[in-house]
Amino acid sequence: MLIYDLDLPALTTQLKEWDEPAYRAKQIWQGLYQHLYDSPEQFTNLSKPLREKMAKHFIFSNFKVKTFQDSSDGHTRKTLFELPDKNLIEAVLMKYEREDGEIGANRDSDFATGASRPKVRRTLCISTQAGCAMGCVFCATGQMGFKRNLSSGEIVAQVMYYARMLKAKNESVTNVVYMGMGEPFHNYENTMASVDTLNDADGFNFGARRFTISTVGLVPQIRRFADEQRQVNLAVSLHASDDESRLEMMPINKKYKIAELLEACDYYVQKTSRRVTFEWALINGVNDSPEVAKKLGAKLRGLMCHVNAIPLNPTTGFNGKATDRQRAIQFKETLEQAGIPCTIRVRRGIDIKAGCGQLAGAAKG
Ligand code: SAH
Ligand code: SF4
């Protein structure tokens with residue numbers, strides 16, 4: 001069993017079965033998530049027989065690092081992991097040294113919507129599924145189809161991998177975004193279990209506001225998430241301001257129309273008093289005109305929100321082109337005139353196919 005799949009109560013139950021006191025489970029928990037141990041031998045505060053039992057019973061790493069690639073500017077690293085069943089998943093680390101990552105004056109947001117955003121960020125983008133069932137046409141993960149859900153431990157393990165790497169350089173992960181492969185709300189339980197594990201104050205103690213979960217817009221799950229009143233940031237992939245064009249790009253719009261989606265987002269804002277972020281991949285001639293921006297502005301009026309627009313990243317299965325910088329700025333300004341804050345994000349890691357929507361779990365790009 002992958003040790004990261006256990007929460008503290010489950011670990012305590014296991015230790016109890018071995019006639020060990022509850023505090024031993026806590027010691028293991030702290031070893032895993034505070035000291036970032038990844039093998040039983042490192043738990044020198046435990047007896048040798050217990051360590052041997054752990055080695056026999058638990059798996060400390062169930063994936064192999066198949067490859068990793070650094071972007072030419074050195075700010076982005078993409079790692080390809082192979083799971084025991086040979087499925088491949090990717091996780092991307094993005095380093096921001098100052099206020100880079102955004103074009104324009106609005107520096108209010110880049111997924112980290114917390115007030116005290118550290119200037120130097122180490123943002124980790126992780127996967128929740130191998131592949132994705134949602135089939136958005138512009139997305140490489142969607143183009144590959146659905147393979148399987150990741151367990152909570154497989155999600156947590158991606159964070160621990162990078163946390164260890166950064167620790168060796170005296171650095172740490174500052175933000176975790178659920179924006180890698182897969183649809184987090186299509187794997188709701190495991191996604192939230194991973195948040196709970198990483199958030200635990202006796203363990204990794206990663207603050208709720210430093211997580212962002214991005215969803216294609218699964219309405220019942222957005223409502224459930226709102227009811228759970230988590231402090232985790234929510235991002236919703238919108239990409240179109242009318243149902244017809246959204247449906248052309250995102251099959252999910254057949255099930256949940258924009259009006260219903262925005263109602264769920266409004267419910268989220270009411271329940272949590274937190275702002276929702278809408279993601280918008282700017283595609284030349286498709287969803288980047290001032291008219292579209294005006295229409296979007298009208299639809300979002302009154303909703304506490306923010307739009308994160310990013311010029312489309314290229315994928316092999318989709319013909320659309322990215323909006324150029326000038327048009328992107330015009331889109332942002334039109335939206336802001338309608339009272340909706342908008343940030344244009346700079347694309348990252350495109351040369352290693354590590355950008356949004358480019359993760360295809362392929363050893364070669
Ligand atoms: N499944 C979730 C999270 C993973 S995708 C979701 O769809 O929200 C992360 C973000 O990248 C989403 O906003 C998605 O719409 C966006 N995206 C997908 N393909 C893209 C592309 N080719 N260029 C830019 N953004 C893209
Ligand atoms: Fe899945 Fe998100 Fe890609 Fe759509 S954009 S196919 S939901 S990963």
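Since the model is a prediction, treat every value here as computed from it, not as a measurement. Start at 1 and go down the list; that is how both ligands and their atoms are numbered.
Here the side chains of Phe81 and Leu88 are not in contact, with every heavy-atom distance at 4.5 Å or above. Contact of the Met54 side chain with the Trp18 side chain is registered, since non-hydrogen atoms from C-beta on lie closer than 4.5 Å. In this structure the side chain of Leu198 reaches within 4.5 angstrom of the side chain of Met160, judged on heavy atoms. Residues Arg148 and Leu83 have side chains in contact (heavy-atom distance under 4.5 Å, counting atoms from C-beta outward). Looking at heavy atoms from C-beta onward, Arg327 lies in side-chain contact with Ser289 at the 4.5 angstrom threshold.
Between Asn205 and Tyr33, the side chains place no donor N or O within less than 3.5 Å of an acceptor N or O (distance only, hydrogens not considered). A donor and an acceptor atom, one from each side chain of Gln129 and His186, are located under 3.5 Å apart. With hydrogens and angles left out, the side-chain atoms of Gln358 and Thr315 include no donor and acceptor closer than 3.5 Å.
Both the sub-6.0 Å distance and the 45° axial angle are satisfied by Arg121 relative to the ring of Tyr96.
Sorted by first and then second residue, the pairs that involve residues 216-252 and meet ring-ring contact (aromatic ring centres under 6.0 Å, His included), not counting sequence neighbours, are Phe138-His239, Phe185-Phe225, Phe225-Tyr268.
In terms of protein heavy-atom proximity, atom 23 (N) of ligand 1 is closest to Asn313 N, 2.9 Å. At the shortest separation from atom 2 (Fe) of ligand 2 among protein heavy atoms lies Gly182 O, 4.4 Å. Of the protein's non-hydrogen atoms, the one nearest atom 13 (O) of ligand 1 is Ser237 OG, 2.7 Å. The protein atom (non-hydrogen) at minimum distance from atom 5 (S) of ligand 1 is Met179 O, 3.9 Å. Nearest protein heavy-atom neighbour of atom 19 (N) of ligand 1: Gly357 CA, 3.1 Å. Of all protein heavy atoms, the one lying nearest to atom 20 (C) of ligand 1 is Cys356 O, 3.3 Å.
Excluding waters, the count of protein N/O/S atoms less than 2.8 Å from atom 4 (Fe) of ligand 2 comes to 1.
At a heavy-atom cutoff of 4.0 Å, ligand 1 is contacted by the side chain of His239 but not by its backbone. Contact annotation: for Glu279 versus ligand 1, heavy atoms closer than 4.0 Å belong to the side chain alone. Neither the backbone nor the side chain of Val236 comes within contact range of ligand 1; no heavy atom lies under 4.0 Å.
Taking 4.0 Å as the cut-off between side-chain N and carboxylate O, Glu189 and Arg224 count as a salt-bridged pair. Glu228 has no carboxylate O lying under 4.0 Å from a charged side-chain N of Arg223, or vice versa, which leaves the two without a salt bridge.
Close N/O approach between Phe138 and ligand 1 is found [any backbone or side-chain N/O within under 3.5 Å].
Remark: of the listed residues Asp202, Asp7, Asp200, Thr12, Asp200 is the sole one forming a side-chain hydrogen bond (donor to acceptor under 3.5 Å, both in side chains) with Trp29.
Shown in contact with Cys139 at under 4.0 Å from a heavy atom are these atoms of ligand 1, numbered in order with element: 18 (C), 19 (N). Using a 4.0 Å cut-off to heavy atoms of Ala281, the atoms of ligand 1 that qualify are 24 (C), 25 (N). Using a 4.0 Å cut-off to heavy atoms of Thr215, the atoms of ligand 1 that qualify are 6 (C), 8 (O). When each atom of ligand 1 is checked for a heavy atom of Glu183 under 4.0 Å away, the hits are 1 (N), 2 (C), 6 (C). Close approach of ligand 1 to Leu312 (heavy-atom distance below 4.0 Å) involves ligand atoms 21 (C), 22 (N), 23 (N).
In terms of hydrophobic clustering, with Ile, Leu, Val, Met, Phe, Trp and Tyr side chains grouped at heavy-atom distances under 4.5 Å, Phe63 and Met165 are assigned to a common cluster.
Of the candidates Gly317, Ser214, Gly180, Gly182, it is Gly182 that places a heavy atom closest to atom 1 (N) of ligand 1.
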